[in-house]
Protein chains: 2
Amino acid sequence: MSETNTKSKRLKHKEDLRRKILEVAKELFLKHGYDSISIRKIADKIGISPTTIYLYYQDKSDVIYALHQEGFKMLATQFAVLRNVEEPFERLKAMGKSYIEFAMENRDFYELMFIMREPIEFVNKNYACEWEEGGAAFEALLVTVADCKAKGYFKQADLHAMSLYVWATIHGICSLKLQGHLDHVVNAHFPEKEQQLSLEKAFDTLVLNLKSIQ
Amino acid sequence: MSETNTKSKRLKHKEDLRRKILEVAKELFLKHGYDSISIRKIADKIGISPTTIYLYYQDKSDVIYALHQEGFKMLATQFAVLRNVEEPFERLKAMGKSYIEFAMENRDFYELMFIMREPIEFVNKNYACEWEEGGAAFEALLVTVADCKAKGYFKQADLHAMSLYVWATIHGICSLKLQGHLDHVVNAHFPEKEQQLSLEKAFDTLVLNLKSIQ
DNA sequence: AAATATAATTAACAGTGTTAATATTTTAAA
DNA sequence: TTTAAAATATTAACACTGTTAATTATATTT
């Protein structure tokens, strides 16, 4: 009895500290960005030694990966609501807008999830094929595009190519914006009054294009 | 006489060492990637003290920016040939393929030019509006899209929105691929025989879409 | 109470960019 | 030619980084 009691107590403590480490990492991440996450800072904030962290995570990449996972759970939650949009093309548009919103409101998370190499390489190495969270996100898009095709949209296009294309376009818009690659180009080449709306206009162009191949 | 002589000699030496630093930085960059560029390693390889580099570049970002500029010159050279393609839609397609080629053959440069934050932030801070190399690249795209419109393509679409949209799509394809975000998704959701060609198929979908709104 | 796991720590390694103070070399003036 | 000044380069130091091996402290079990 008391044996299993102490065992479960210890297990709980292990889980608590593991969560605490992640929590502090997230705090640093959200306050001062990715570069301010350091094993030593996390340890300092909790009041433990830096090396203790290595008893709970295999290395820094592992901590980063845990944050990466959190991001995908957040996105999944946001997407879940859209299953209620019946008309598939409307749902596709809403997914696009929702994705852009997520990127703009969670810049650091977006960078971690879809731009940086480190976390996804950790997935590819350690989780190979069984990465639920990532698979689910693309699956949602795939299903919606399939629904569109079933209703007569995108007749000429291939399902997989079309899905990848839509994702790539919206990711392209988000990543250029977030990483600061649009500022100069937009300032130099866009008419004054269009500068603020450049993102929206690029998205509208995608929608326009999608409509015309229906 | 001898005064201007020694002056120009000194100036030449300054330029030589400045170039040498960049050359070694590039060597490290191409051999072992971005992360292996370090002020200390560069200095070691040349046989000077690390601090000497700060007499030729204001900081590490400045060295990185110089590499960034080299990349844009490479891309401009590659694009220059395409001015000879008369038919504007053909030219647009060729630009797209050429851009993807550049990205795949110069992965590290592409990351530096279009994905990383640091170098473009250096541009935005230090060069503000007068960044020729970057402006020229987008200008080339803008002109081609304008030529397309003049020939009756993309009638409904706005010139600037359309250009940004095309860039974003192709950048999206390249960046997802280069940063390793396609591997898992393609393995999990694409039919076996389509996996190798996923990039090409996404590009073809773009072309298909562009055709149908002409 | 002694032996054994488990957990956490200290010390150390091998790096990083960057700055201030110092030394060396080259150029200009007396 | 010698001296003052300017330009160039270096050393030493600061404040960091992730990570490992060896050691100590704390629980748990015999």
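Just so we're clear, the structure is a prediction, and the values are computed from it rather than from any experiment.
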| Electrostatic pair A:Asp204:A:Lys201 at N-O distance under 4.0 angstrom | no
| task | May I ask you to say whether A:Glu23 pairs ionically with A:Lys26, meaning some side-chain N is under 4.0 Å from a carboxylate O? | result | no
How close or far is atom [atom2] of [N] from atom [atom1] of [X], stated in whole angstroms?
{"X": "A:Leu55", "N": "C:dA5", "atom1": "CG", "atom2": "P", "answer": "18 Å"}
{"X": "B:Ile42", "N": "C:dT18", "atom1": "CD1", "atom2": "P", "answer": "11 Å"}
{"X": "B:Glu15", "N": "D:dT8", "atom1": "CD", "atom2": "C1'", "answer": "16 Å"}
{"X": "B:Asp16", "N": "D:dT8", "atom1": "CG", "atom2": "P", "answer": "13 Å"}
{"X": "A:Lys14", "N": "D:dA27", "atom1": "NZ", "atom2": "P", "answer": "15 Å"}
{"X": "B:Asp44", "N": "C:dT16", "atom1": "CG", "atom2": "C1'", "answer": "13 Å"}
{"X": "B:Leu28", "N": "C:dG17", "atom1": "CG", "atom2": "C1'", "answer": "16 Å"}
{"X": "B:Tyr56", "N": "D:dA9", "atom1": "OH", "atom2": "C1'", "answer": "8 Å"}

Can you say whether the rings of [X] and [Y] are parallel (under 30°), tilted (30 to 60°) or perpendicular (over 60°)?
{"X": "B:Tyr165", "Y": "A:Tyr165", "answer": "perpendicular"}
{"X": "B:Trp131", "Y": "B:His68", "answer": "parallel"}
{"X": "A:Phe138", "Y": "B:His189", "answer": "tilted"}

Report all interatomic pairs (protein N or O, nucleotide N or O of nucleotides 16-20 of chain D) with separations under 3.5 Å.
from, atom 1, to, atom 2, distance (Å)
D:dT17, OP1, A:Ser38, OG, 2.9
D:dG18, OP1, A:Ile39, N, 2.9
D:dG18, OP1, A:Lys60, NZ, 3.3
D:dG18, OP2, A:Ile39, N, 3.2
D:dG18, N7, A:Arg40, NH1, 2.1
D:dG18, O6, A:Arg40, NH1, 3.1
D:dG18, O6, A:Arg40, NH2, 3.2
D:dT19, OP2, A:Tyr54, OH, 2.7
D:dT19, OP2, A:Lys60, N, 3.0
D:dT19, O5', A:Tyr54, OH, 3.2

| Is the phosphate of C:dT9, meaning OP1 or OP2, less than 4.0 Å from a side-chain N or O of A:Thr52? | yes
| Between the side chains of A:Tyr110 and A:His171, does any donor sit under 3.5 Å from an acceptor? | yes
